[in-house]
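These notes are about the structure you will find just below.
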Amino acid sequence: LIILVFMLNFCYGGGMDKKKFLFSLLIIIFVVVTVGLRYLFIGTDLWYDEACSWYSAKQSFPFGIMDNLLHLDLQHTPLYFFLLHFWLKLFGDSEFALRSLSMVFGVLSVPFVYIVSKKIMSKTLAVMTLAVAAASPLLVLFSVEVRMYPLIVFFVLVSLNYLIDFEQKADSKSLIKLIAANLLIPYTLVGGILYNLSLALCYGVYLFKTKREVFKKYIKGLYVEFILLIPYFVLIFYAQMRNRFVVKHEGEFVFFQLVDVVRNFFGSTLVANVYWPSVDPYIVNFAFTALVVIPCVYFVYGLVQGCKHSVGFMKTLYFTVFLNFVLALLFAVFEVNIFTVRYILYLLAPMFILAIYGLSKKISIQHLKVFILYFVFNINYSEQVIKLKTMAFKDVKIEAENLQFGVDDIVIMPFGADAPYYFRKLSDPRLFEFDFHKEARNPYNDRFYDKSQQDLMASSSKYGLIYDRVYTDKCFSDNFLNYFVNNINA
């Protein structure tokens, strides 16, 4: 940091304006903080989903990856796994290497928060949003997740940047960049299509009412976007056909999930299990009030007041974010997706921007500065999250080492066997690669289902079939028994 300060002073010849110098120094501090906080999690163990990313990315490009996604990892589009595939070839597959790809986009997202903010509000407010994005516990944690979440956060911010450019310039160049960014979003995260739909509807209505000529140009861009998204819709139909019964039973929406998302989005600390909607009741004490209730009240109040007091394009931005949030909620109610923070993480940075804009309309700038300092300096990064990652996957490896298992032994993992990250050395025990969780999600799977069961999967009975059989005292199916005996006993 000291070296960077001297570099700044040197670049400006020692005669720069004091305000400029302090401002530049502040930006540098935020960059250092951004990298430093994310580095806290860079070497942590992988949990199951992250190991699945490794397994998908290490397949051959592109057909091996696509085959794995279509038959095992049935709810994801391929862009992130393609990038990770080549990243692994360059840097290897250590935890550090795997997480560093995500960290690149996680770190780049923070200055993009500033860039987007500065285009729609003052430089002072933009710095405040930069501070919040740099320190947000949720953004910090997921910035090094070996999943597509940091990438989707980055692409949405890029999309908003070019959206603002197009709104201000109405030029074809900005529109092409906007459509290109929007195309990357659903190909990175399945649920990202909700952002595209929300933006197209809200911004389209706004242009239709206020700028008819620009509206015509925008519609042409949407037409190109839709054509290029046809492969996405084909992939989604294929995946949803196989995995919806899992969502129906494991992801039934309850109101507390909404509370949980808001709490994790805006709180200064995270619940122990941030990856799935928490079922543990909150202990409402002084610490909870200070770290969670107060920040949540401020940010939600800012979003509401910002929408209430904005007009034109700014109100369109609020409508876009709110509609996306509501659509994710409705899809969860109708059991199409699961309502949890990681699936809508890409809304968090835009919400921070819009919340601070809204707060600036209702409270003084001094009051707002005090709140931002209060939020940033109260942030707590719980070690429970790191422990959960170890418990989720690496504990099996630790247990095998305690039992002194070697290459002559076989480990059977009912959950996680298709992502044997911690059993990848030649001296490790062999892992029988048959993941019950994912095999069950393919209703046309001869290794898992008998013919009569496959026929039932064509009807509504599929929603109960797997769960009924799991709780019996018999083998799941004759086909599975034969497959298991032939492969294991051999």
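Everything quoted here is computed from the prediction, not taken from an experiment.
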Rounded to the nearest 0.5 Å, what separates atom [atom1] in [X] from atom [atom2] in [Y]?
| X | Y | atom1 | atom2 | result |
| --- | --- | --- | --- | --- |
| Glu225 | Leu178 | CD | CG | 7.5 Å |
| Asn196 | Leu201 | CG | CG | 12.5 Å |
| Asn324 | Leu194 | CG | CG | 5.5 Å |
| Asn182 | Phe155 | CG | CZ | 11.5 Å |
| Lys119 | Ile164 | NZ | CD1 | 6.5 Å |
| Ile338 | Tyr343 | CD1 | OH | 5.0 Å |

query = Under the side chain to side chain contact (heavy atoms under 4.5 Å, CB included) criterion, do Leu84 and Ser53 qualify, and how do the steps go?
reply = CA-CA 8 Å; Leu84 186 59; Ser53 294; 4.2 Å; yes

Has [X] got a side-chain atom pairing as donor or acceptor with [Y]'s backbone, closer than 3.5 angstrom?
| X | Y | result |
| --- | --- | --- |
| Trp87 | Ala97 | yes |
| Ser122 | Lys118 | no |
| Asn264 | Asp260 | yes |
| Ser310 | Gly306 | yes |
| Lys315 | Cys307 | yes |
| Tyr318 | Leu354 | yes |
| Gln305 | Lys362 | no |
| Arg147 | Asp49 | yes |
| Tyr421 | Asp93 | yes |
| Arg263 | Val293 | no |

ask   = Tell me, which pairs form a side chain to side chain donor-acceptor pair (under 3.5 Å) where one or both residues lie in residues 30-41, sequence neighbours left out?
value =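 Every side chain to side chain donor-acceptor pair (under 3.5 Å) pair that includes a residue of residues 30-41, provided the two are not neighbours, is Arg38-Ser143.
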
Heavy-atom side-chain proximity of [X] to [Y] below 4.5 angstrom:
| X | Y | result |
| --- | --- | --- |
| Thr269 | Ile379 | no |
| Cys202 | Leu323 | yes |
| Leu207 | Glu167 | yes |
| Leu125 | Leu368 | yes |
| Asp165 | Lys177 | no |
| Pro111 | Val31 | no |
| Phe423 | Val396 | yes |
| Leu139 | Ser109 | no |

message = Go through it in stages, so that I can follow the logic: the residues are Tyr187 and His76, the test is ring-ring contact (aromatic ring centres under 6.0 Å, His included), and I'd like the CA-CA distance, side-chain angles, deciding distance and then a yes or no.
response = CA-CA 8 Å; Tyr187 282 116; His76 299 300; over 10 Å; no

ask   = So Phe476 and Phe448, ring-ring contact (aromatic ring centres under 6.0 Å, His included) or not? Walk me through it.
value = CA-CA 8 Å; Phe476 187 82; Phe448 203 76; 4.4 Å; yes

Shortest non-hydrogen contact from [X] to [Y]?
| X | Y | answer |
| --- | --- | --- |
| Leu222 | Ile179 | N-CD1, 4.3 Å |
| Ala355 | Leu303 | N-CD2, 3.7 Å |
| Arg99 | Leu46 | NH2-CD2, 3.7 Å |
| Ile193 | Phe233 | CD1-CZ, 4.2 Å |
| Phe81 | Ala57 | O-CB, 3.8 Å |
| Thr77 | Pro186 | OG1-O, 2.9 Å |

Quick one about [Y] and [X] (side-chain donor to acceptor, distance below 3.5 Å, no hydrogens or angles considered), yes or no?
| X | Y | result |
| --- | --- | --- |
| Tyr149 | Ser102 | no |
| Tyr48 | Asp435 | yes |
| Asn378 | Ser268 | no |
| Tyr422 | Asp395 | no |

inquiry  = Under 6.0 Å between ring centres: does that hold for His309 and Tyr357?
reply    = no

Ring center gap for Phe375 and Phe299 short of 6.0 angstrom = yes

task = Verify ring-ring contact (aromatic ring centres under 6.0 Å, His included) between Phe325 and Phe339, making sure each step is shown before the conclusion.
result = CA-CA 10 Å; Phe325 190 85; Phe339 193 71; 5.5 Å; yes

query = Run the side chain to side chain contact (heavy atoms under 4.5 Å, CB included) check on Phe154 and Leu157 step by step: do they pass?
reply = CA-CA 5 Å; Phe154 176 75; Leu157 286 167; 5.8 Å; no

Mutual orientation of the aromatic rings belonging to Phe256 and Tyr282 [parallel < 30°, tilted 30-60°, perpendicular > 60°] =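 Aromatic pair Phe256/Tyr282 classed tilted.
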
query = When the ring planes of Tyr275 and Trp47 are compared, do they come out parallel, tilted or perpendicular, using 30° and 60° as the limits?
reply = tilted

task = Show the numbers, then the answer: is there a side chain to side chain contact (heavy atoms under 4.5 Å, CB included) between Leu160 and Leu317?
result = CA-CA 9 Å; Leu160 287 174; Leu317 292 181; 4.3 Å; yes

request  = Begin from the C-alpha positions of Tyr206 and Tyr203 and carry the test ring-ring contact (aromatic ring centres under 6.0 Å, His included) through to its verdict.
outcome  = CA-CA 5 Å; Tyr206 160 74; Tyr203 190 56; 5.8 Å; yes

inquiry  = Using side-chain hydrogen bond (donor to acceptor under 3.5 Å, both in side chains), reason through Tyr195 and Thr320 one step at a time and then give a plain yes or no.
reply    = CA-CA 8 Å; Tyr195 169 83; Thr320 299; over 6 Å; no

task = Could you go through the salt bridge (charged side-chain N to carboxylate O under 4.0 Å, His left out) check for Lys397 and Glu401 one step at a time?
result = CA-CA 6 Å; Lys397 168 70 169 178; Glu401 289 175 347; 3.7 Å; yes

request  = Would you check, one step at a time, whether the test side chain to side chain contact (heavy atoms under 4.5 Å, CB included) holds for Leu270 with Val341?
outcome  = CA-CA 11 Å; Leu270 304 173; Val341 291; over 6 Å; no

request  = Mind running salt bridge (charged side-chain N to carboxylate O under 4.0 Å, His left out) on Glu50 and Lys389 for me, showing each step along the way?
outcome  = CA-CA 10 Å; Glu50 294 178 297; Lys389 286 178 176 289; 3.2 Å; yes

